[in-house]
Enquirer: 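Structure in structure tokens, see below.
Just follow the structure's listing: the first ligand is 1, and inside any ligand the first atom is 1. None of these values were measured; they are calculated from a predicted model.
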Amino acid sequence: MRYLSLLALLTFGALADNHESVVAQKADAIESQVIQWRHHFHQYPELSNREVKTAAYIEKYLRELGLDVTTGVAMTGVVGVLDSGKPGPVVALRADMDGLPVLEDNDLPYRSRERGEFNGNDVPVMHACGHDTHMAMLMGAASILVDMKDQLRGQVKFIFQPAEEGSPEGERGGAEVMVEEGVLKNPDVDAIFGLHISADTDVGKVRWREGGIMAAVDPFKIVVKGKQAHGAYPWLSVDPVTTSAQIIMALQTIVSRELKLIDDAAVITVGAIHGGNRSNIIPMEVEMVGTIRTLNEQAREHIYEALPRKVKGIADSMRATAEVTLPLDYNYPITYNDPALMKKMLSTLNRTAGEENVINSKPVTGAEDFSFFQEEVPGVYLWVGGKPLDVKPEDAPAHHTPEFYVDDSGMKLGVKLLTNLTLDYMQQH
Ligand SMILES: [Zn+2]
Ligand SMILES: [Zn+2]
């Protein structure tokens, strides 16, 4: 009895070790292929909701792997399902597909010369956020997981998502629409993993955070209405300009005086203000628009209550009226790493990257529409390093700029992470 259980323990230990070293070997073997895929995607980027050739390229490969493939999800999205044939959980892995209207500025042999149309304008197109690497890494992980099918339980859903950067005017798209179209159903997803390449994180390192890792985005509009008068006779007016000035300053005190800033950062920005048309007229109306960024739900709810309160209180005190639209058009939830799932998967990060390469990260106030998946099912979103080691973080060109650069060598860790997260999740559930 004792002998048997010891043997079982040893066998299990050997298997567990085995899958990581097997994954590492397979990631080595497929690395040059992953790099080729990435160079192809990089050279031929397409804009949000226009990822037609990109989708066809992915579809072809997923079919070659023998996956059950669905296309046209949220316009150009591609979803492949790998069924192990054994009962078990459904793990989803997600990569985004879109490039940006940016003119690439470098001498790379695979540099983009593509152009596209965005909101009626002819624009250059570049993978200036690294989504080319995301697709290549996920294809690499799909290849390895198909190879290791006999070690899987349950199913893996490979989600290639369009329009992460936002749809063109008059269109919807991205993760939100994929969710609406049922991408997390049939088979129903139990957990989802995604990652973003990072231009200022060293190659070989992975950054994680429990809870809010990227912010919610809530755009707003405020219209302040007063009474028009000659600029020389302000007592005859109700002045929406001075009222707006007070409102803008008061909004800043929501973050600085009302939120518990030691928990998480938050931002309220007024990005545009319009009112009046000449120096000697006090106008009837001022309009402003802005954005709110929050990293936890309490802060988000607090601002939803506080912003209209401040606006109304100040407008009342100035005898003006004000209308608040919150949220204005589309908003994104918080990219929120489910604490229980994050805790559980941390050991996968440590074993895959090596403990010294796993960084408990600060959050960022940018946003990511992966958050729509995480609203439906527990999910973990990570950053994987793409910065060459000899470049200082402060010298690394930022995402969305013409000089943006991430190194091919960063992708191997991403491939291994996606694969091991899937295998470990299946082993634990
Ligand atoms: Zn981006
Ligand atoms: Zn991005």
Side-chain angles (χ1 to χ4, degrees), residues 37-38 41-42 45-51 54-55 58 74 76-77 93-105 112 114 116 118-119 123-139 159-168 173-178 192-201 206-209 212-217 219 291 293 330-337 361 363-374 379-387 396-408 410-411 413-414 417-418:
W37 286 326
R38 189 257 165 140
F41 289 132
H42 194 90
E46 294 175 293
L47 292 168
S48 310
N49 276 355
R50 301 290 181 274
E51 306 90 337
T54 306
I58 293 166
T76 57
L93 303 174
R94 174 271 208 170
D96 39 10
M97 301 159 73
D98 49 337
L100 286 159
V102 173
L103 180 62
E104 181 155 10
D105 183 13
S112 163
E114 297 295 294
F118 188 66
N119 295 342
V123 292
V125 187
M126 173 188 177
H127 267 298
C129 201
H131 300 183
D132 50 337
T133 69
H134 302 171
M135 294 182 278
M137 288 188 279
L138 188 53
M139 284 165 72
I159 299 176
F160 291 86
Q161 180 214 303
E164 192 286 322
E165 300 285 1
S167 309
E176 187 178 21
V177 176
M178 285 194 117
I192 185 162
F193 300 103
L195 40 84
H196 206 300
I197 197 90
S198 164
D200 62 1
T201 303
V206 54
R207 286 161 52 201
W208 64 280
R209 187 174 193 251
I213 189 164
M214 295 180 82
V217 183
T291 189
R293 305 297 169 110
Y330 69 90
N331 56 340
Y332 281 20
I334 300 162
T335 305
Y336 187 82
N337 286 341
S361 183
V364 302
T365 46
E368 173 45 75
D369 78 350
F370 187 77
S371 51
F372 286 102
F373 299 120
Q374 290 172 313
V380 160
Y381 197 69
L382 305 166
W383 284 299
V384 170
K387 183 184 74 60
H399 292 246
H400 294 208
T401 66
E403 299 83 17
F404 171 76
Y405 175 79
V406 287
D407 205 74
D408 289 334
M411 290 189 287
L413 176 60
L417 282 167
L418 291 168

Enquirer: Report the protein N/O/S neighbours of the Zn ion (ligand 2) that fall below 2.8 Å; do not count waters.
Expert: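 Protein N/O/S atoms under 2.8 Å of the Zn ion (ligand 2): Cys129 SG, His131 NE2, His196 NE2.
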Enquirer: Assess the pair Tyr336 and Tyr381: is the distance between their ring centroids shorter than 6.0 Å?
Expert: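 Ring centres of Tyr381 and Tyr336 not closer than 6.0 Å.
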Enquirer: Among residues at least two apart in sequence or on other chains, which ones pass salt bridge (charged side-chain N to carboxylate O under 4.0 Å, His left out) with Asp98?
Expert: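 With neighbours one apart ignored, the set is empty.
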Enquirer: So, Arg293 side chain and Thr365 main chain: donor-acceptor pair closer than 3.5 Å or not?
Expert: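 Such a contact is found between Arg293 side chain and Thr365 backbone.
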Enquirer: Would you call Asp200-Lys387 a salt bridge at under 4.0 Å N-O?
Expert: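 So Asp200 does not pair with Lys387 through a salt bridge.
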Enquirer: Taking the side chain from Arg209 and the backbone from Gly212, do they hold a donor-acceptor pair closer than 3.5 Å?
Expert: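 It does hold such a pair.
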Enquirer: Under the criterion side chain to side chain contact (heavy atoms under 4.5 Å, CB included), I'd like the reasoning laid out for Met214 against His196: C-alpha separation, chi angles, the key distance, then a yes or no.
Expert: CA-CA 11 Å; Met214 295 180 82; His196 206 300; over 6 Å; no
